[in-house]
Peer 1: 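For reference, the structure I am asking about is given below.
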Amino acid sequence: MTVELAAFEKVLAEKEERIDLARACLMIAQDAYPELQVDRYLGEIERMAIRLRGRLPAAGGPEESVGALNDYLFGDLGFTGNTRDYYDPRNSYLNEVIDRRTGIPITLAVVYMEVGRRIGLPLAGVSFPGHFLVRLALRGGTLVLDPFSGGAPVSEGELRERLQRVIPEGATDGVPVAELPLDPFLEPATNRQILARLLRNLKGIYRDSGKPERMLDVLNRMLLVAPDASGELRDRGLVYHKLECYRAALQDLRDYVEREPDAPDGDEVRVRMIELSALCARLN
């Protein structure tokens, strides 16, 4: 394990609620930006919060603080959702999001939550299907916010419309999507779940753009965030094969079939293992 991965693993070793989300996101970015200074960007988040804290109304409640947060991040600083080049990998690296003031829902949500928490707002991420959101528990219920749209509140009707766009009707056991309870979709995401979703975004980008070296970096991180994710272990083995790292590929695929002996793709993977065994024999 590299020094960078060992440091990342140490951050993840904290109890779930104590995992430093911003630090972990910035450490992921170090794969693409080896010279990145994590503490510099953490300091920038702190400075944002300090400036914002001085603007908060003296007797304001959480709704007023949300308004101030939105005005500051999306008005004064100009953070915005990147609709023109959504799949640019820079949108998934927190340093680039802070520098360029643009990103995708999950990275804008991380900035939003990290600054908001520093001014006393107990914001939580929501792994809503198709679009990451943020929630804030209030006395009268839950406020759902969309940092990709300037921190705008999302109504129940809008949430249901979003579900209908991403969930096939046949996938809900006969219950119309419009009648599904929303609460299960609005559960707070853990820090590990947020990191895994961010890494899945990067994995898809690098898979589709044909960059196996970058994909390997992502999968190495993913298997620290979610060590029981057998599919990620299989995919890393396939990437190792593509990169001609035959022994590492064989080990990952062997571990995969041991974990998932009845996997639907088990026979295909076993054929691949025979090929890899032959390739490894030639190396001896």
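As the structure is a computational prediction, the values presented were derived from the model and not from experiment.
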Peer 1: With heavy-atom distances below 4.5 Å as the criterion, would you say the side chains of Leu283 and Arg247 are in contact?
Peer 2: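 Yes, close enough: below the 4.5 Å cut-off.
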Peer 1: Have Tyr93 and Asp99 got a donor and an acceptor in their side chains that come within less than 3.5 Å?
Peer 2: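 The answer is no; no qualifying pair exists.
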Peer 1: Can you name the closest pair of heavy atoms from Leu123 and Gly116 and give their distance?
Peer 2: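 Answer, listing the atom of Leu123 first, then Gly116: CD1-CA, 3.9 Å.
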Peer 1: Looking at side-chain heavy atoms only, is the closest gap between Met273 and Arg254 below 4.5 Å?
Peer 2: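 Yes, their side chains come closer than 4.5 Å.
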Peer 1: Quick check: does any side chain N or O of Asp265 sit under 3.5 Å from a backbone N or O of Glu268, one acting as donor and the other as acceptor?
Peer 2: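 Side chain of Asp265 to backbone of Glu268: no pair is present.
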Peer 1: Do the side chains of Ile45 and Val111 get nearer than 4.5 Å, heavy atoms only?
Peer 2: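 No; the side chains remain at least 4.5 Å from each other.
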Peer 1: Taking only residues two or more places apart in sequence, or in another chain, which ones meet Tyr206 in a ring pair (Phe, Tyr, Trp, His ring centres under 6.0 Å)?
Peer 2: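 Ring pair (Phe, Tyr, Trp, His ring centres under 6.0 Å) list for Tyr206, sorted by chain: empty.
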Peer 1: Do Arg214 and Leu202 pass the side-chain contact (heavy atoms from CB on, under 4.5 Å) test, and can you show the C-alpha distance, the side-chain angles, and the key distance before you say yes or no?
Peer 2: CA-CA 9 Å; Arg214 285 275 180 253; Leu202 283 166; over 6 Å; no
Peer 1: Just how far is it from atom CG of Leu26 to atom OH of Tyr33, taken to the nearest 0.5 Å?
Peer 2: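 With rounding to 0.5 Å, CG (Leu26) is 12.0 Å from OH (Tyr33).
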Peer 1: Indicate, with yes or no, if Val218 and Tyr86 share a hydrophobic cluster defined by side-chain heavy-atom contacts under 4.5 Å among Ile, Leu, Val, Met, Phe, Trp and Tyr.
Peer 2: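 The answer is yes; both residues are in one hydrophobic cluster.
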Peer 1: Applying side chain to side chain contact (heavy atoms under 4.5 Å, CB included) between Leu36 and each of Asn95, Leu94, Asp31, report the one that passes.
Peer 2: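 Result: among Asn95, Leu94, Asp31, Asn95 is the only option passing the side chain to side chain contact (heavy atoms under 4.5 Å, CB included) with Leu36.
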Peer 1: What are the two closest non-hydrogen atoms of Ile119 and Ser65, and how far apart are they?
Peer 2: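 Heavy atoms only, the tightest pair is CD1-O, 4.3 Å.
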Peer 1: Are Arg51 and Asp76 close enough, and set up right, to give a salt bridge (Lys or Arg N to Asp or Glu O under 4.0 Å), and what steps lead you there?
Peer 2: CA-CA 11 Å; Arg51 296 185 197 110; Asp76 296 356; over 6 Å; no
Peer 1: If you round to the nearest 0.5 Å, how far is CD1 of Ile194 from OG1 of Thr107?
Peer 2: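 Answer for the OG1-CD1 pair, Thr107 versus Ile194, is 12.0 Å.
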Peer 1: Tell me whether Ile50 is reachable from Leu69 by hopping between hydrophobic residues (I, L, V, M, F, W, Y) whose side-chain heavy atoms are closer than 4.5 Å.
Peer 2: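 Different clusters.
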Peer 1: With a 4.5 Å cut-off on side-chain heavy atoms, are Ile205 and Asn91 touching?
Peer 2: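 Asn91 does not reach Ile205 side chain to side chain.
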Peer 1: Between Ser92 and Leu198, which heavy-atom pair has the shortest distance, and what is it?
Peer 2: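 That closest heavy-atom pairing would be O-CD1, 3.3 Å.
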Peer 1: If you measure from the Lys or Arg side-chain nitrogens to the Asp or Glu carboxylate oxygens, is any gap between Arg160 and Glu156 under 4.0 Å?
Peer 2: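 Looking at Glu156 together with Arg160, the answer is yes, because their closest N to O distance falls below 4.0 Å.
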Peer 1: Among all residues two or more places apart in sequence or in another chain, which pass the side-chain contact (heavy atoms from CB on, under 4.5 Å) test with Asp146?
Peer 2: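 Only His131, Leu133, Phe148, Ser149, Val154, Arg162 meet the side-chain contact (heavy atoms from CB on, under 4.5 Å) criterion with Asp146.
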Peer 1: Can you give me the closest heavy-atom contact between Leu121 and Pro62, atom names plus distance?
Peer 2: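 Closest heavy-atom pair between Leu121 and Pro62: CD2-O, 3.8 Å.
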Peer 1: Starting from the C-alpha separation in whole Å, work towards a yes-or-no answer on side-chain contact (heavy atoms from CB on, under 4.5 Å) for Ile98 and Met48.
Peer 2: CA-CA 11 Å; Ile98 292 171; Met48 289 181 196; 4.0 Å; yes
Peer 1: Applying salt bridge (Lys or Arg N to Asp or Glu O under 4.0 Å), run through Arg40 and Glu44 and close with a yes or a no.
Peer 2: CA-CA 6 Å; Arg40 174 198 157 197; Glu44 180 58 27; over 6 Å; no
Peer 1: Could you check whether Tyr112 and Asn70, counting side-chain N and O atoms only, form a donor-acceptor pair closer than 3.5 Å?
Peer 2: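 Tyr112 and Asn70 do have a side-chain donor-acceptor pair below 3.5 Å.
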Peer 1: In Å and rounded to the nearest 0.5 Å, what is the CG to CD distance from Asp20 to Glu114?
Peer 2: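 CD of Glu114 is found 6.5 Å from CG of Asp20.
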Peer 1: Looking only at non-hydrogen atoms, find the nearest pair between Pro147 and Val134 and report the distance.
Peer 2: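 So the two residues come closest at CG-CG2, 3.7 Å.
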Peer 1: Tell me, do Arg23 and Asp39 make a side-chain contact under 4.5 Å, heavy atoms counted?
Peer 2: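 With C-beta onward as the side chain, the pair touches.
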Peer 1: Please examine the side chains of Leu163 and Leu182, heavy atoms only from C-beta on, and report whether any two atoms are closer than 4.5 Å.
Peer 2: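 They are in side-chain contact.
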Peer 1: Assess whether atom CG of Asp208 is packed by more than 12 heavy atoms of other residues, nucleotides or ligands within 6.0 Å.
Peer 2: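 Correct, the count exceeds 12.
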Peer 1: So do the side chains of Arg234 and Leu253 get within less than 4.5 Å of each other, counting heavy atoms only?
Peer 2: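 Of all side-chain heavy-atom pairs linking Leu253 with Arg234, at least one is under 4.5 Å.
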Peer 1: Has Arg192 got a side-chain atom pairing as donor or acceptor with Val225's backbone, closer than 3.5 angstrom?
Peer 2: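 Present.
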Peer 1: Cation-pi check, Arg197 to Phe132: give yes when NZ or CZ is under 6.0 Å from the six-membered ring centre and within 45° of the ring axis, no otherwise.
Peer 2: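 No, cation not above the ring by the 6.0 Å, 45° rule.
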Peer 1: Could you give the distance from CD1 (Ile274) to CG (Leu279), rounded to the nearest 0.5 Å?
Peer 2: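 Answer rounded to 0.5 Å: 12.0 Å.
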Peer 1: If you look at every heavy atom in Ala49 and Arg118, which pair is closest and at what distance?
Peer 2: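 For Ala49 versus Arg118, the nearest heavy atoms are CB-CB, 3.5 Å.
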Peer 1: Taking atom CD of Glu63 as the centre, report whether more than 12 heavy atoms of other residues, nucleotides or ligands fall under 6.0 Å from it.
Peer 2: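 Yes, the 6.0 Å shell around CD holds more than 12 heavy atoms from other groups.
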Peer 1: Answer yes or no: is there a donor N or O on one side and an acceptor on the other, between the side chain of Arg53 and the main chain of Gly120, under 3.5 Å?
Peer 2: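 No, the answer is negative, given that no donor and acceptor are paired below the 3.5 Å cut-off.
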Peer 1: For residues 223-233, which residue pairs pass the salt bridge (Lys or Arg N to Asp or Glu O under 4.0 Å) check, not counting sequence neighbours?
Peer 2: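 Qualifying pairs, neighbours excluded: Lys203-Glu232.
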Peer 1: Hydrogens and angles aside, do Glu260 and Ser230 bring a side-chain donor and acceptor to less than 3.5 Å of each other?
Peer 2: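 Yes.
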Peer 1: Is Glu64 reaching over with its side chain to a backbone N or O of Leu56, donor-acceptor style, under 3.5 angstrom?
Peer 2: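 No, the answer is negative, given that no donor and acceptor are paired below the 3.5 Å cut-off.
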Peer 1: Could you tell me the separation between the CG atom of Leu199 and the CZ atom of Arg221, rounded to the nearest 0.5 Å?
Peer 2: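 Reported to 0.5 Å precision, the distance equals 8.5 Å.
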Peer 1: Tell me whether Arg101 contacts the main-chain N or O of Thr80 through its side chain, where contact means a donor paired with an acceptor under 3.5 Å.
Peer 2: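 No; judged by distance alone, with no hydrogens or angles, the pair does not exist.
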Peer 1: Identify which one of Asp235, Val269, Leu233 satisfies the side chain to side chain contact (heavy atoms under 4.5 Å, CB included) criterion when paired with Asp252.
Peer 2: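 Single pass found, and it is Leu233.
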Peer 1: For residues Val126 and Val144, determine if any side-chain heavy atom of one lies less than 4.5 Å from a side-chain heavy atom of the other.
Peer 2: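 Heavy-atom side-chain distance check fails, nothing below 4.5 Å.
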Peer 1: Measure the spacing between CE of Met215 and CG of Leu219 and express it to the nearest 0.5 Å.
Peer 2: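 If we round to the nearest 0.5 Å, Met215:CE and Leu219:CG are 5.0 Å apart.
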Peer 1: Determine whether a donor-acceptor pair (N or O, by modelled atom type, separation under 3.5 Å) exists between the side chain of Gln164 and the backbone of Glu161.
Peer 2: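 Not confirmed, Gln164 side chain does not pair with Glu161 backbone.
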